[in-house]
Structures are given as C-alpha cells and as structure tokens.
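The structure under discussion appears below in the form of structure tokens.
In what follows, chains are A, B, ... by sequence order, proteins preceding strands, each numbered from 1.
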4 protein chains.
Amino acid sequence: MARVPAAERRNDLVNAAIHVIASHGVEGATTRRIAEEANAPLATLHYCFHTKELLFEAVIERLTEQYREVLIENDVHGDVAATARGVLRGLLNWYLEGDPDLASATIELVSWAQRQKDHPAVSVYSEAFNVMRSILARAASGQEVAPETIDQIGYVVGALSDGFAVNWLTYADRSQAAEQAETIVGVLDAWLAANLA
Amino acid sequence: MARVPAAERRNDLVNAAIHVIASHGVEGATTRRIAEEANAPLATLHYCFHTKELLFEAVIERLTEQYREVLIENDVHGDVAATARGVLRGLLNWYLEGDPDLASATIELVSWAQRQKDHPAVSVYSEAFNVMRSILARAASGQEVAPETIDQIGYVVGALSDGFAVNWLTYADRSQAAEQAETIVGVLDAWLAANLA
Amino acid sequence: MARVPAAERRNDLVNAAIHVIASHGVEGATTRRIAEEANAPLATLHYCFHTKELLFEAVIERLTEQYREVLIENDVHGDVAATARGVLRGLLNWYLEGDPDLASATIELVSWAQRQKDHPAVSVYSEAFNVMRSILARAASGQEVAPETIDQIGYVVGALSDGFAVNWLTYADRSQAAEQAETIVGVLDAWLAANLA
Amino acid sequence: MARVPAAERRNDLVNAAIHVIASHGVEGATTRRIAEEANAPLATLHYCFHTKELLFEAVIERLTEQYREVLIENDVHGDVAATARGVLRGLLNWYLEGDPDLASATIELVSWAQRQKDHPAVSVYSEAFNVMRSILARAASGQEVAPETIDQIGYVVGALSDGFAVNWLTYADRSQAAEQAETIVGVLDAWLAANLA
DNA sequence: AATGAATGAGGCTTCATTCAT
DNA sequence: TATGAATGAAGCCTCATTCAT
C-alpha cells in the first residue's frame, strides 16, 4: 500500500470520519470503517490521531470552521434585519445544497460531544454564536440596537436553522425542505419586523 | 433473581433503555447496560425483544405516544393561534420540566432511526405531525384557514420546538433555556400575527 | 465448539495460564495463547475472568496453595532441625520432580506480581512464610528456640530453595540439579548444626 | 533532535533498556519506552540493534560484565574461605547498595534469556561461574582443595546470592535485607567451616 | 417461560518493525 | 548515517446474540 504523507492522511481521515459519521452515526463510526473509507491502514489512523476521540475532536474543529465560513460568506453587510436574514439563508442553503455529510455529521456529533469529558460540543455552538454575534453587531453599528437584542437575534437564527435541519435530515426530502426553508425565513422576517420596529 | 412476567419486563426494559440512551447516547446504550438498569438478566432482554433493534423500536413507539400525549394535554381548545401557541408552550415545557431523559432520548433516537432500514424515525415525526394537524384543524374549524396553512403552522411549531431542544440539550442551562422558551413563543406569535391576519 | 461449564473452564484456564507462563514467560502469556491452550474461545477467558490480570491473580492463588501443600506434606513432625530439613527437601523435590510448569510459573510470576498495584506477589511469599513458620514453631515447641530464630530458619530455607530454583530453571539439567539439591541440604544442615547447638 | 553517533547511542540504549526492564519488567520493556528513556528516536533503536532481541542480548552482555567486575573487585586475595566470603559479600552489597536497576534487570532477564533460541541466559551464569571458579582456584592454590570442591563452593555462593536477591527484590525492604545479608553470610561460613575442615 | 452460561465477531489500541529520505 | 513516517500483526476487551436447561 502506497505511503502517503501524514498531513494528507490526517485530512483524508477527517473527511472519511465525517462521511462515516454521516452515514452510520457516531455509533457506527468505527475506526476500521473510517480507515477503510480513507483508504488507510488501521494503524495509520492511530499514528495520525493516537485516539479515536482525538480524531473526532479534529472533526469537530473542521465542522466548526466550516460553519464559521458559512456565516462569514453569507454576511451581506446590510442592516441588522437583512444581515440576520442573509445568515439564516446561508445556513439553510448550506444544509440543503452543501455537502449533506457535513450537516448530518454536525448534528450527530453535537450530542456525542456533549457527553465527552470536556464538552467540545459546546465549543461548536459557542464559536458559531460568537461569529454570528460579531456579524450582527457590526451590522447594527449604525442603528440603535441593544446588545441583548443582538444576542436574541443570534439565538433565534440558530434555533430556526437547527429546527430546519432536524426535519430535513429526518425526511431527506429536498423539494419539501426547500419550501420549508422559505417558511423558516418568513418566520424570522415576521419576528424581526415585530421586534426591530 | 425473582422471575418477573414478561409484560412487566418489557416495560422495565423500555424505561431502562430510555434512561440509558439519554445518559449514554445510542452509541453507549449496550444491551448489558440496559438490562442492568432494568434489573433484568441480560438474556431476558432478548427473550422479551429478540433484538436490540426491536427494543429500540419499542422505545420509539413509547416516545411517540408520550409526544402525542403532550400535544393533546396542551390543546387549549381556542382559536388557531391560541392553540398553536399552547401546543408549542406544552412542548417547550415538556423539554424543560418533564423527564429530561425522554427529551434527550428522543433527539438521540431520531437520527438513529433515520438510519434504520424501514425508517421508524419518520413515524415519530409523522405521527406527531398528524396529531398536531388534527388539533389545529379542529381549532380552525370556525375560521377560514387553508389546509396548507394548517400544515405550515404545524411545521413551524415543530421546527421551533426542535430548535429549542437542540440548544437546551447542548447547554443544559435551565434558567437560560427558560428565557429562550419565551423568545421562541414570541417568534411564533409574531409569525402567526403576520400570517393569520 | 462444545459448551463447557464455567467452573471447569476456570480450572482449565488457570492450568493453561500456568503452562503458557511457564513456557513463554509472563511476557508471552497472551490471552489468545492461554485460551487456545485451554481449548476455549477467547471470549470465554473474559467471561470467566473478566480481565487478564484477574486470571493471573487466580493463578497466583493456585500457586500459593500448591506451595503451601508442599510445605505441609513435607512436615516430618520431628525436631526443628529435622523439620526444616524435611521442608527444604520437599521444596527441592517439588521443583525437581513435580510439575516443572508450576515451579517456573511461580518464579515468573513473582516479579510480575511485584509490579502490580496491590502486590499480590508479596502474598505468595508471606503466605508461604507463615505456613513455614507455623510448621517450624510447632516443631520447636518442646525445645528452647527463640521466635527470631524460627523466622531466620524460615528465611534461610526459603532463600536456599529460591537459589536452587533459579539455577535449576536456568540450566534445566536434572542430574546436575539433583546433586546440587544434596549440596543445598548440606548447607542447611551445617548452618543449623552451628546455630542450634 | 541532535544527531548522535551510533556508538554513544548504543550505550544510551543499553542503559535505557536496563532501566526500563528494571522498572517495567521484560514484559513492559517496549521499544518505544526504551527509545524514549534513551532520548533517542524509535528508528534509531533499530538502526543500532536491528532487533529488540539483539538489544536485549547486548544488555545481557553488559550485565555479565558488571557481574564479573563485582566478583573481581571483591577478590580479597585470602584463603578459599575468606575469598568465597568476600565474593558473596560483594554480590550481596551489589544488590543492596549498587544500582538496584542492574540487579532487578538481571533477575528479569535470566528467565527471558532462558526462553530464547540460543539460551544467552546460560552465558551469564556460565561466565559468572567461570570467573568465580578462577578466583577461588587461585585462592586455593596454596591449600589442598579438590577441584570439585571449588565448583561446589562457587555454586553455593551463587545460590545464596540468588536466593537473597529474589527475596530482596520482592519485598524491597532495605533494612530487613541488610540483616538477611548477614544471615546469608553466616550460612556460607557455617558450611565452609564444616566442609573445609 | 425465563435465565445463567457461553461465544463469534468485532471494538480500540499498541507492538516491533520497515520504508523513504 | 540517521530518523520521521508509516504499517501488518497482534494485543486486550466488549458487543449482541444464542445455547441449554
């Protein structure tokens, strides 16, 4: 079996882990399956990560980063309402049109991570929330918006996208989900309109 | 160990499974742990359910039923808006104040079930949705509300409660979650106000 | 593979462990090898002992018991000198003519045990020493022998038999060892004669 | 990591191996641990020794040499009895006051070596015995001592020191062992007195 | 009907070793 | 020469399940 540099292998393994977690769940994501998916010998997995748990943490880091990129890419640089709307749209599209593995692995890993000793799960959420807050704060700089309101908007955007994701990953019906995404955006709009008036 | 009738044992085992799934995840819910939690011999688990998968399906049935009861108990028999609001409140309270095991086991099992051959996961959602629809439909009987609107309301209530749950189970901060529940209800209110006018 | 009752299996496994430790050392005594030697599935080993360490402790218990039996069987019920002599002879014969696996496994395990958390190794020695002391003490009941002397005799008998064993297990030359056994007994005799006068 | 000449590395590795074997046993003496203890890259171990077995043989050579030095340093150049006594004392002190790693590694390795194909273990003993014999023979040159007697004395000195060592390494109680050393020397004295008269 | 006993398959990890530079 | 990187084989253990009573 051809030797492959470690950096590349680490990358392959993280990708493989994401794929396997997405399709078999955290539960079915065994080291063997992940190594096989990455076309790597089993021992290589442990050479690169030492522990399955460490691999999963690397996966979480990757997901966190992806999530952050989605947020940043969808910053429309408008006012608060438009910005919140853009970010929510971006998230829904990420779930719908991006790599579905990333989305389902995220959902899968959140509860796994929540049971780990040092709760890396919280970091995904907190990191995501921080990025969202800074985006919204910048959008609000010209307006008179209380900091608590910013946080609240961030929470609502997050909750709406999570709620959307759970349903979408359960039914896996794309056209239905596309309609639901519109509904979800409408919900945010109505709430923003009522609260930022 | 005292011999216990199978019917009772089935019940004990389902309860134990819920508890174990909630605290260890689907991943950590081994037959041994479940049997031990139920104070039952390991073989009894297989005597009662033959397969771990069958036990999990029984758990899902139980959760579905619980979910339905929550919906029904929180039917305020008012107009559509009040009813949707009541149902959402009921769900949020179920997560917040009811047996937290039930709530987290539900979230845990949804993605597990989604990966099973015959998708029992969908049944939880569909069943829940059907109940919600019938409740909302009855509430709407005196008003002029399109059937699609009813479905949409059901979807939004579900998504909001799911979004709430994911965050709550991740952070497990009760007082924060209580505030967030208010926000969530506010979101529904704004949307209903804008859409049922 | 035929099912075999657990008690018998535990016994088989302990015997197999002794044999494997004797021939491959603690180092080479893998669970697989032991299970194979016992004609048992690997899982059975863990069903019967849960842990390799627990199996080894059972082996140590067995060895301790054997050692004690050797001592007791060789109690000639004479005076102190004759008794000490008889016990030493018994030990040397045990090494030479008994099951050589028992003897070498004993030597092998002593240093292993010494590195374990709760030092079961010491127990082998202490137990053996206690038995020896009580045998010698009874033999000395009619004579005027200080308790410290009894302990000292016990120590010397032990040290002589250990010294003999190390050499015997190293060279594995039976006829040479038989002569050496005579020498060792002679050493004890000389020392007893000089010290019990 | 600084590149270090192979000769020095060989030395470091042998020292590290002795230390690791002493504290973790042959069983726990993995190449990684040894390399780490020697502050050497893992591959260097195999570059210097090709095989773990070859490293262990080098360790045995070193131990043999040390043992020989102890014997020679403790040659009092007196008559046979005094010389035997001096050598025994030297060995007991080596165990008690010298580097305890050396002593325990010796005991550890003897049974390991005994299981190897070409029995390097025997070489330690034989070499040690030869040295002892030549020392005793020189001491006996003025006296009338049969060659078999010389061999016997060598054997007894060896057996007594081994017997002492096993107990000392098991209990690791220095003050107790110091007393026992006196006893052991007394045993030799009594035997020599009775046999060289 | 109910369960203690037993097991094949597979879990994660670590070993001594070799490759490639 | 000397070593970071990589790996096949084997380590211990636990899983869901089945057997025998």
Measure [atom1]/[X] against [atom2]/[N] and give the value in whole Å, please.
X: B:Leu13; N: E:dT3; atom1: CG; atom2: C1'; value: 13 Å
X: D:Asn39; N: F:dG4; atom1: CG; atom2: P; value: 12 Å
X: C:Leu45; N: F:dG11; atom1: CG; atom2: P; value: 12 Å
X: B:Glu27; N: F:dT14; atom1: CD; atom2: P; value: 16 Å
X: C:His24; N: F:dA10; atom1: NE2; atom2: P; value: 13 Å
X: C:Ile34; N: F:dG11; atom1: CD1; atom2: C1'; value: 12 Å
X: A:Leu54; N: E:dT13; atom1: CG; atom2: C1'; value: 13 Å
X: C:Arg33; N: F:dG11; atom1: CZ; atom2: P; value: 7 Å

Taking only the side-chain heavy atoms of [X] (C-beta and beyond), determine which of [options] contains the nearest atom.
X: C:Arg9; options: F:dG4, E:dT7, E:dG11; value: E:dT7
X: D:Thr44; options: F:dT3, F:dA9, F:dA5; value: F:dT3
X: D:Pro41; options: F:dG4, E:dT7, F:dT17; value: F:dG4
X: B:Thr30; options: F:dG8, F:dA5, F:dC15; value: F:dC15
X: D:Thr31; options: E:dT13, E:dT17, E:dT3; value: E:dT17
X: D:Tyr47; options: F:dT14, E:dA1, F:dT1; value: F:dT1
X: B:His46; options: F:dT14, F:dC13, F:dA16; value: F:dA16

Without swapping roles, check the side chain of B:Glu108 against the backbone of B:Val26 for a donor-acceptor pair under 3.5 Å.
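Such a contact is found between B:Glu108 side chain and B:Val26 backbone.
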Is a side-chain donor or acceptor of D:Thr44 paired with a backbone partner of D:Ala40 at a separation under 3.5 angstrom?
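Not at all, since once roles are kept as given, no pair shorter than 3.5 Å links the two residues.
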Most 5' of A:Ala43 and C:Leu42 on DNA chain F, judged by nearest nucleotide:
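Here A:Ala43 is the residue nearer the 5' end.
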Partners passing side chain to side chain contact (heavy atoms under 4.5 Å, CB included) against [X] (at least two apart in sequence or in another chain):
X: B:Ala17; value: B:Ile34, B:Leu55, B:Val59
X: C:Leu102; value: C:Ile18, C:Leu63, C:Gln66, C:Trp94, C:Asp99
X: A:Thr31; value: A:Leu42, A:Leu45, A:His46, A:Lys52

On the side chain of A:Arg32, is there an atom forming a donor-acceptor pair with the base of E:dG10 - under 3.5 Å, no angle test?
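Check fails, no donor-acceptor contact within cut-off.
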At less than 4.0 Å, is any side-chain N or O atom of C:His50 found next to OP1 or OP2 of F:dC12? Yes or no.
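No, no such contact exists.
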Test of understanding: with ring-ring contact (aromatic ring centres under 6.0 Å, His included), list the residues that count as partners of B:Phe56, not counting sequence neighbours.
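Result, ring-ring contact (aromatic ring centres under 6.0 Å, His included) vs B:Phe56: B:Trp112.
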Looking only at side chains, do B:Asn11 and B:Arg62 share a donor and an acceptor under 3.5 Å apart?
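Looking only at side-chain atoms, B:Arg62 and B:Asn11 do form a donor-acceptor pair, the distance falling under 3.5 Å.
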Provide the full list of salt bridge (Lys or Arg N to Asp or Glu O under 4.0 Å) pairs with a residue in residues 26-49 of chain D, sequence neighbours left out, each pair given once.
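Found C:Arg115-D:Glu27.
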Using a 3.5 Å limit on both pairing distances, list the dot-bracket string of DNA chain E from the 5' end; Watson-Crick and G-U wobble pairs count, crossing pairs take [ ], interstrand pairs take |.
.||||||||||||||||||||
